[in-house]
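Everything on this sheet refers to the single structure shown next.
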2 protein chains.
Amino acid sequence: MIQHTNTSRRLDLTFAALSDPTRRAILARLARGEKTVSELAAPFNVTMPAITKHLKVMERAGLVERGQTAQWRPCRLKPKPLGEAVDWIDRYREIWETNFARLDTLLEELQAPAQNAAARSRKKAKGKVRKKQKGGGS
Amino acid sequence: MIQHTNTSRRLDLTFAALSDPTRRAILARLARGEKTVSELAAPFNVTMPAITKHLKVMERAGLVERGQTAQWRPCRLKPKPLGEAVDWIDRYREIWETNFARLDTLLEELQAPAQNAAARSRKKAKGKVRKKQKGGGS
DNA sequence: TTCGTATTTTACCATATGGTTAAATACAAA
DNA sequence: TTTGTATTTAACCATATGGTAAAATACGAA
């Protein structure tokens, strides 16, 4: 029946919010600063209620926060869920890439003399992971 | 009408695939190595067809690849879409955090003597961003 | 108070999603 | 060829999603 902890539920909402191109575009524009609903709606070819709905989805995910000044309800981006999403992905990417590195090593061992294979594999296992990320792995 | 480029469509599918807890759990287990469908189904309280469907969603997103040995169709994780998803998020998180840093500076300027404000803001703008990530920015 | 503007709410519609059971398919082994 | 095991397909159901048009709400300004 799956865990479905609070964190898990939040990830559901965050990833779901990110799975729509209109919402991602809204987010991208929101990243540059606070915007009103009509400002957000302008570039898209959908009606206002559609945007309102999208904003609700993002609000539910904790990705946007809204203000109120007169009849305007400006939106601003809350990046925390984005961080949690990245953290989740990175955890498993890391494991996967470790496995990949291990497979690498294994394949190498299969075609190398057996005596120094263990030593070499211990050596190689560092620095292989997190190729793509900006920093060195932790 | 939104762009809806190929990359955008891929992100749709990837984020949608990640938005379900069962699928995330499958992914997590797949990260530790190849598994057959029944192996994957075992820990969950759902029927096999449900798992088959989940796997199709993940396949469509390019997150899993399947083999075939006799009547088994083992699944293995393909991490590339995960990388693309993280890249997308990181791009906008970075912009947002830059804005945040700028706002910080702005607020500071508002309560500081005007003559050295500009100089101070230029100084502070570095290193503020990417708090959470392992490496240094850019 | 009345008008105009910004936004949300209320039906409503079509399609997608996540699940089920039962039947079909694919293959190995007896 | 029959049997057993792994997996998918088909048909169905309930609910969610993304969209609409039209009405309701909230507020500032005249």
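Residue numbers start from 1 in every chain, and the chains themselves are labelled A, B, ... in the order their sequence lines are given, proteins ahead of strands.
- Of the two residues near DNA chain C, B/P49 and B/R60, the one whose nearest nucleotide lies more 5' is B/R60.
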- request: For nucleotides 24-30 of chain D, just jot down a letter per nucleotide in 5' to 3' order: B, S or -, based on protein non-hydrogen atoms under 4.0 Å.
  value: --SBS--

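- Counting heavy atoms from C-beta on, the side chains of B/V86 and B/L82 never come closer than 4.5 Å.
- Separating the CE atom in B/M58 from the OG1 atom in B/T14 is a distance of 10.5 Å, to the nearest 0.5 Å.
- What separates CG of B/L40 from P of D/dA6 is a distance of 14 Å, to the nearest Å.
- For C/dT9, one of the phosphate oxygens OP1 or OP2 lies less than 4.0 angstrom from a side-chain nitrogen or oxygen of A/K56.
- For A/R66 (side chain) and A/R73 (main-chain N/O), a donor-acceptor pair under 3.5 Å exists by modelled atom type.
- As a whole-Å value, the separation of B/M48 CE from C/dA24 P is 18 Å.
- A/M48 has its side chain within reach of A/V37: a pair of non-hydrogen atoms, C-beta onward, lies under 4.5 Å apart.
- Rounded to whole angstrom, the span from the NZ atom of A/K53 across to the C1' atom of C/dA14 amounts to 12 Å.
- Between B/K80 and B/E84 the shortest side-chain heavy-atom distance falls below 4.5 Å.
- Between the side chain of B/R29 and the backbone N or O of B/E39, at least one donor-acceptor pair lies under 3.5 Å.
- Between the CG atom of A/L55 and the C1' atom of C/dT9 there is a distance of 15 Å, rounded to whole Å.
- In this structure, A/N45 places its CG atom 13 Å from C1' of D/dT20, rounding to the nearest Å.
- The CE atom of A/M58 sits 15 Å away from the P atom of D/dT17 (whole-angstrom rounding).
- Taking atom CD on A/E39 and atom C1' on C/dT5, their separation rounds to 14 Å, with Å as the unit.
- OP1 or OP2 of D/dG19 lies within a sub-4.0 Å distance of a side-chain N or O belonging to A/H54.
- Using a 4.5 Å heavy-atom cutoff, the side chains of B/D12 and A/R24 are in contact.
- The closest side-chain donor-acceptor pair between A/T5 and A/R10, if any, does not fall under 3.5 angstrom.
- Separating the CD1 atom of A/I51 from the P atom of C/dT9 is a distance of 15 Å, rounded to the nearest angstrom.
- Non-hydrogen atoms lying under 4.0 Å from DNA chain C are contributed by nothing in residues 12-24 of chain A.
- With A/R23 contributing its side chain and A/A16 its backbone, the two residues share a donor-acceptor pair below 3.5 Å.
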